[in-house]
Asker: 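Below is one structure. I have some questions about it.
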Amino acid sequence: MIYKLLRNIHLLAGLFALPALLTYAVSSVQMAHRIRIPQNVTEEDATLAPGLAPRAAALQLMAQQGFSGDLGGVLTTPAQTTFSITRVGSRYQVGYDPGSGRAHVKRTDTGILGELNRLHHLHGLHHENRAMNAWAVMLAAVSLILLTIGVTGIYMWFKLQRERVIGAILLSVNLIISIGLLTFLRS
Amino acid sequence: MNHWIRKLHIYAGLLNFSVLMVFGIAGMVVTFDAPDIFHAGDEPRVEVRPFSYPDGLSDKELGAQIGQKLQPPHAGPPNVHRDPINHQLIADFYSVNGLVRARALEQSNQLRVETFRNSVWRFLDNAHATTIAEQTSDSGVRAWAWYTEFSIWSLIFMAVSGAWLGLTERQRFRWTNVSLATGCAVFAAFYLLTK
């Protein structure tokens, strides 16, 4: 009864999380092997109301141009205000002149590899963009699923009599190497 | 064929169990924002050491010399920059355990060394991000990075083989297709929303 329940949980949780797990795994390969992310850069000008604070300028730009994402990298000098608006796969680097209201926008798009990379790093529930917070909730769910399928997998293996010996050897190898390395690294 | 796929699926899981647990814990750590070294509220351990500053070195070379002197455990090359206020050179040595920050006190021939040690949760988060891209000569870090590499590919194999086994052997179980379809739909919706 418990075996059947855990087997179903293992299967259904794994299938549910499959696209997200593959996203994290493929982006890990991209980062570990430093696979270059191609970038497409375009530039455009916009006119905003003069005298705006960085935050107000960003909000007006979002409303006017349809940009969305997190505001960051705010730097104010007497001549110019710069900030960035970042969302998955795109980054808008903005230079705004409060005197004239002119804004120059440099947009960088990163394609699918860049999107997967950004999704891998997207976490936390502090974003102004609700979609980003929603993704962070999914990250929590996928993490929980990963822990769940690990534990249920161990239980199911243990119930398979014919795999116990070789499985015990493999699990021991895993635990000895990983705990040994982690202990060494923590020292 | 499914007999062997199942065997390999089980063996891959057993060989990577603990690393996959580290991946899962890392996801929870960043979701719930476990305090990092700058927000944990712990004061760094501070010590002042004598250090002679050779002439004719660039900042990067000086950072490397500080690294040779301090030998911060498991750290890669330093991130060298200057304090914007007093222009002192700062060499930051990041490792899975946090940060060793060395500040060059050139006029007194000293180094001020601050050691920020992270929590075990942040340690596990850093461990999950330690890949073969890491620039370090530390054998422990290299070994862990290669184990992580093995686990990443194993995770891909287990995801694909698990889906194959589920779809071929549990096709009659109604929830198999429902679960996969729901997962794909939720993923696609979130992906499009974040774009």
Side-chain angles (χ1 to χ4, degrees), chain A residues 8 11-26 28-29 31-34 87-89 115 119 122-126 129 131-132 134-140 142-144 146-147 150 153-154 157 160 163 166-167 170-171 173-175 177-179 181-182 184-187, chain B residues 7 10-11 13-28 30-33 73-74 95-97 120 123-124 127 130-133 140-141 143-145 147-149 152-153 155-156 159-160 162-163 166 170 173 175-176 179-180 182-184 186-188 190-191 193-195:
Chain A
N8 287 342
L11 171 70
L12 300 181
L15 285 174
F16 178 81
L18 181 69
L21 282 175
L22 288 175
T23 294
Y24 284 107
V26 170
S28 300
V29 172
M31 286 184 275
H33 293 268
R34 294 176 179 270
R87 62 181 170 81
V88 171
E115 287 172 6
L119 285 174
L122 187 53
H123 61 77
L125 303 166
H126 52 266
N129 186 318
M132 291 180 168
W135 183 272
V137 172
M138 189 158 100
L139 165 62
V142 170
S143 303
L144 199 58
L146 196 54
L147 296 171
I154 290 291
W157 153 71
L160 284 176
E163 299 290 356
I166 190 162
L170 295 175
L171 185 60
V173 167
N174 165 247
L175 292 176
I177 292 176
S178 59
I179 292 174
L181 281 172
L182 287 173
F184 173 69
L185 292 178
R186 190 59 173 162
S187 63
Chain B
K7 258 186 190 299
I10 293 169
Y11 295 164
L14 291 167
L15 266 177
N16 294 284
F17 171 68
S18 57
V19 186
L20 297 182
M21 293 298 99
V22 169
F23 291 172
I25 291 168
M28 302 303 274
V30 294
T31 299
F32 296 106
D33 269 336
H74 316 307
S95 75
V96 282
N97 290 312
V120 71
F123 165 74
L124 291 173
T130 302
T131 67
I132 57 170
V141 176
W144 175 260
Y147 204 173
T148 305
E149 175 74 5
I152 292 168
W153 288 104
L155 178 59
I156 293 173
V160 174
R170 304 287 305 280
F173 182 42
W175 292 103
T176 302
S179 184
L180 181 60
T182 308
C184 290
V186 169
F187 177 84
F190 280 21
Y191 174 73
L193 278 173
T194 55
K195 274 175 71 67

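Note that these values count all heavy atoms, side chains included, but never hydrogens, waters or copies made by symmetry. Naming: A, B, ... by sequence-line order, numbering from 1 per chain.
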Asker: Using non-hydrogen atoms and a 4.5 Å limit, figure out which bit of A:L18 sits close to chain B: side chain, backbone, both or neither.
Answerer: side chain

Asker: Given the options B:L124, B:L20, B:V19, B:N16, which has more heavy-atom pairs under 4.5 Å with chain A than any of the others?
Answerer: B:N16

Asker: So which atom in A:F16 and which in B:T182 form the shortest heavy-atom distance, rounded to 0.1 Å?
Answerer: CE1-CG2, 3.8 Å

Asker: Does B:M28 offer a backbone N or O that forms a donor-acceptor pair with the side chain of A:H123 under 3.5 Å?
Answerer: no

Asker: Compare every heavy atom of B:L155 with every heavy atom of A:A25, then report the nearest pair and how far apart it is.
Answerer: CB-CD2, 4.2 Å

Asker: Could you walk me through whether B:T194 and A:R87 satisfy the side chain to side chain contact (heavy atoms under 4.5 Å, CB included) test, starting with their C-alpha distance in whole Å, then the side-chain angles of each, then the deciding distance to 0.1 Å, before giving a yes or no?
Answerer: CA-CA 7 Å; B:T194 55; A:R87 62 181 170 81; over 6 Å; no

Asker: B:S95: what forms a side chain to side chain donor-acceptor pair (under 3.5 Å) with it, not counting sequence neighbours?
Answerer: none

Asker: Going by heavy atoms in the side chains, are B:L14 and A:N174 under 4.5 Å from each other?
Answerer: no

Asker: Please name the pair of heavy atoms, one in B:T176 and one in A:L11, separated by the smallest distance, quoted to 0.1 Å.
Answerer: OG1-CD2, 3.7 Å

Asker: Which pair of heavy atoms, one from A:L146 and one from B:G24, lies closest together, and at what distance?
Answerer: CD2-N, 3.7 Å

Asker: Is A:R34 in contact with chain B via its backbone, its side chain, both, or neither, using a 4.5 Å heavy-atom distance?
Answerer: side chain

Asker: Tell me, side chain or backbone of A:S187 under 4.5 Å from chain B's heavy atoms, or both, or neither?
Answerer: both

Asker: As an exercise, state the distance from CZ of B:F23 to OG of A:S143, rounded to the nearest 0.5 Å.
Answerer: 11.5 Å

Asker: Go through B:V160, B:T131, B:T130 and name the one with the most non-hydrogen pairs under 4.5 angstrom from chain A.
Answerer: B:T131

Asker: If you look at every heavy atom in A:A140 and B:T31, which pair is closest and at what distance?
Answerer: CB-CG2, 3.6 Å

Asker: Starting at CE of A:M31, measure out to CD1 of B:I132 and round the result to the nearest 0.5 Å.
Answerer: 12.5 Å

Asker: Which answer fits B:L180, side chain, backbone, both or neither, if we ask what part of it has an atom under 4.5 Å from a heavy atom of chain A?
Answerer: both

Asker: So for A:L160, is it side chain, backbone, both, or neither that comes closer than 4.5 Å to the heavy atoms of chain B?
Answerer: side chain

Asker: Would you give the length of the straight line joining atom CG of A:L12 to atom CH2 of B:W175, rounded to the nearest 0.5 angstrom?
Answerer: 8.5 Å

Asker: Distance from A:I177 atom CD1 to B:S18 atom OG, nearest 0.5 Å?
Answerer: 9.0 Å

Asker: B:F190 versus chain A, heavy atoms under 4.5 Å apart: side chain, backbone, both or neither?
Answerer: both

Asker: Relative to chain B, which segment of A:I154 carries a heavy atom at a distance below 4.5 Å: side chain, backbone, both, or neither?
Answerer: side chain

Asker: To the nearest 0.5 Å, what is the distance between CZ (B:F187) and CG (A:L119)?
Answerer: 6.5 Å

Asker: B:N97 versus chain A, heavy atoms under 4.5 Å apart: side chain, backbone, both or neither?
Answerer: both

Asker: With a 4.5 angstrom heavy-atom cut-off, which part of B:F173 approaches chain A: side chain, backbone, both or neither?
Answerer: side chain

Asker: Using a 4.5 angstrom heavy-atom cutoff, name the option from B:A143, B:G27, B:S179 with the most pairs to chain A.
Answerer: B:S179

Asker: Answer with side chain, backbone, both or neither: which region of A:L185 has an atom nearer than 4.5 Å to a non-hydrogen atom of chain B?
Answerer: both

Asker: So A:H126 and B:D33, do their side chains get closer than 4.5 Å, heavy atoms only?
Answerer: yes

Asker: With chain A as the partner, which of B:A188, B:A159, B:G166 has the greatest number of non-hydrogen pairs under 4.5 Å?
Answerer: B:A159

Asker: According to side-chain contact (heavy atoms from CB on, under 4.5 Å), who are the partners of B:W153, at least two apart in sequence or on a separate chain?
Answerer: A:V29, A:H33, B:E149, B:I156

Asker: Is it the side chain or the backbone of B:A127 that comes within 4.5 Å of chain A heavy atoms, both, or neither?
Answerer: side chain

Asker: Using non-hydrogen atoms only, which part of A:L22 is less than 4.5 Å away from chain B: side chain, backbone, both, or neither?
Answerer: side chain

Asker: Between A:W135 and B:Y191, which heavy-atom pair has the shortest distance, and what is it?
Answerer: CZ3-N, 4.3 Å

Asker: Contact part of A:A136 toward chain B, heavy-atom cut-off under 4.5 Å: side chain, backbone, both or neither?
Answerer: backbone

Asker: Quick one: pull up CZ in B:F17 and CH2 in A:W157 and give me the separation to the nearest 0.5 Å.
Answerer: 10.0 Å

